[in-house]
Amino acid sequence: MSEHSTLVIGQVLDIRSNPFDTPPDDAARYSRRGCVHIENGRIVDVGEADALRAAHPHARIDDHGDGLILPGFVDAHAHYPQTAIIASWGKRLIDWLNSYTFPEEMRFADPDYAGEIAARHLDLLVSYGTTSVASFCTIHAASVTAFFEAAAARNMAVVAGRTCMDRNAPDGLRDNAKTAYDESKTLLETWHGRGRAIYAITPRFSPTSTPEQLEALGGLWADHPDCPMQTHLSEQTDEVEWVRELYPHRRDYLDTYESHGLLREGAMFGHAIWLTDSERARLREHGAALVHCPTSNTFIGSGLFDTARAEAEGLRVGLATDTGGGSSFSMLHTMASAYEIGQLTGTALHPAQLLWLATAGSAEAMRLQARIGSLAHGSDADLVVLDLASTPAIAQRHSRAETIWEAVFPTIMMGDDRAVAAVYIAGARHDTGDRGGGGHNRPVSPIIADSLGL
Ligand code: GUN
Ligand code: ZN
């Protein structure tokens with residue numbers, strides 16, 4: 001027996017291939033009484049609880065009863081410095097940045113404030129079942145250091161980078177091409193690959209970078225090709241028009257990145273709503289990822305991202321909160337919002353597709369699919385355990401469910417942090433506690449108990 005061997009028991013839902021390409025029931029493996037076997041922080045096996053218990057009689061047992069065990073949620077685009085300004089009223093993108101975001105981001109010159117908000121952000125994410133995030137920081141090196149330190153203290157795999165801006169931002173939030181390059185490089189060399197930290201080269205977006213800055217960051221990326229690159233693309237129509245004015249010689253918004261070495265696999269483009277056919281084709285050819293931020297897109301009034309179309313075209317898609325433009329820290333709420341936007345764009349996304357986007361899809365967008373976002377053998381043991389009857393409203397709908405998809409969908413649509421019974425980060429359990437919802441060991445509906453089995 002290994003002293004670090006744990007059997008995490010409950011219902012287990014393992015979505016093993018992309019359910020946009022494979023029918024959900026073929027893509028997923030479900031076990032009513034399943035088990036994830038963890039050793040030394042990694043997943044070594046997934047199977048039936050009885051069999052794994054018999055095979056590992058000395059392992060520690062964490063029995064979650066009817067709790068649903070999934071890979072921890074992966075948020076592929078967030079702004080931790082905007083934690084305290086989430087739900088700020090009444091603006092669209094550019095006004096929202098100037099009125100709320102930039103004044104708040106100024107405060108991150110103070111390492112103590114950055115540390116406080118980084119800790120708050122990550123603790124909120126864990127309480128919602130999110131175990132990894134790709135976050136923008138601010139222009140201040142201290143904001144990056146604070147975030148990676150807070151993530152290391154929780155042993156979380158995070159992607160983050162210094163947000164570079166050298167125009168159209170206020171005094172105190174602007175750098176230049178050289179300082180952006182130099183400071184990003186120093187931070188990258190300090191943090192990339194240290195523990196579970198991944199450094200992302202991070203130009204905020206083309207309106208706040210000169211061509212010289214994009215060129216410098218493209219050069220840095222060429223020197224460090226295994227890092228991801230994160231930015232924003234075509235979120236609002238006014239922004240697209242502004243980019244056209246700022247870059248009159250570029251054929252479209254994507255070209256402002258492409259022509260400076262910022263389009264290839266490992267690029268993560270947040271939003272990407274208002275794309276031309278040519279942009280879509282080039283994003284696909286280069287293997288770049290689009291990151292869908294549904295609560296942000298409705299909250300700031302940006303538009304409707306067509307997930308089903310992007311997947312059908314073979315584009316890589318991740319899912320994200322985009323806090324504080326997004327209105328929730330919760331990936332459950334984000335899946336619900338993606339479902340609603342799907343309805344408005346003509347496709348009811350299947351629960352398997354929503355769950356896949358919030359785990360493996362986001363992990364693939366971050367190029368971390370070998371380590372997070374699934375229950376595959378060898379993955380880091382980042383797990384979330386959901387109570388599928390966490391509130392009276394959810395419980396009464398859940399009691400009618402006849403399949404695992406019907407059982408989980410009410411929690412996707414109506415669940416919040418009360419649905420998160422436990423979280424595992426690299427095998428270490430974080431109890432998220434019963435917040436007075438429905439009780440975590442509520443029996444599964446008898447109909448489900450009898451009729452499941454995919
Ligand atoms: N575009 C450039 N910066 C931002 C940001 O902070 N949030 C959102 N939603 N869009 C952006
Ligand atoms: Zn963003």
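In each ligand, atom 1 is the first atom listed, and ligand 1 is the first ligand listed. Treat the numbers as computed from the prediction; the structure is a model and nothing was measured.
Of the listed residues (R167, R204, R162), just one forms a salt bridge (charged side-chain N to carboxylate O under 4.0 Å, His left out) with D175, and that residue is R162. The one candidate from R196, R371, R154, R429 that meets the salt bridge (charged side-chain N to carboxylate O under 4.0 Å, His left out) condition with D382 is R196.
Salt bridge annotation for D166-R174: absent, with no cationic side-chain nitrogen under 4.0 angstrom from a carboxylate oxygen. Remark: E258 engages R282 in a salt bridge, criterion side-chain N to carboxylate O under 4.0 Å.
Atoms of ligand 1 found under 4.0 Å from any heavy atom of F205, numbered from 1 in the order shown, are 1 (N), 2 (C). Close approach of ligand 1 to W96 is summarised as follows: ligand atoms under 4.0 Å from at least one heavy atom of the residue are 5 (C), 6 (O), 7 (N). Atoms of ligand 1 lying under 4.0 Å from at least one heavy atom of R204, given by number and element, are 2 (C), 3 (N), 4 (C), 5 (C), 6 (O). Interface atoms of ligand 1 facing D322, defined by a heavy-atom separation under 4.0 Å, are 8 (C), 9 (N).
Among the atoms of C293, none of the N, O or S atoms falls under 2.8 Å from the Zn ion (ligand 2). For the Zn ion (ligand 2), the set of nearby N, O or S atoms under 2.8 Å includes none belonging to E235.
With a 4.0 Å heavy-atom cut-off, ligand 1 is reached by no atom of T208. Under 4.0 Å from ligand 1, not a single heavy atom of Y100 appears.
For a threshold of 3.5 Å applied to N or O pairs, the pair formed by Q82 and ligand 1 contains at least one separation below that value.
For an aromatic pair to be called close, the ring centres must be under 6.0 Å apart, and F136 with H79 satisfies this. With ring centers used as reference points, Y253 lies 6.0 Å or more from Y247. Checked against the 6.0 Å centroid criterion, the rings of F108 and Y80 qualify as a close aromatic pair.
Residue contacts with ligand 1 leave out E239, since none of its heavy atoms falls under 4.0 Å from the ligand.
Centred on the Zn ion (ligand 2), the angle running from D322 (OD1) to H232 (NE2) is recorded as 160°, rounding to 10°.
Remark: the backbone N or O of A376 is paired with a side-chain donor or acceptor of S374 at under 3.5 angstrom.
Counting protein heavy atoms only, atom 10 (N) of ligand 1 is closest to E235 OE1, 2.7 Å.
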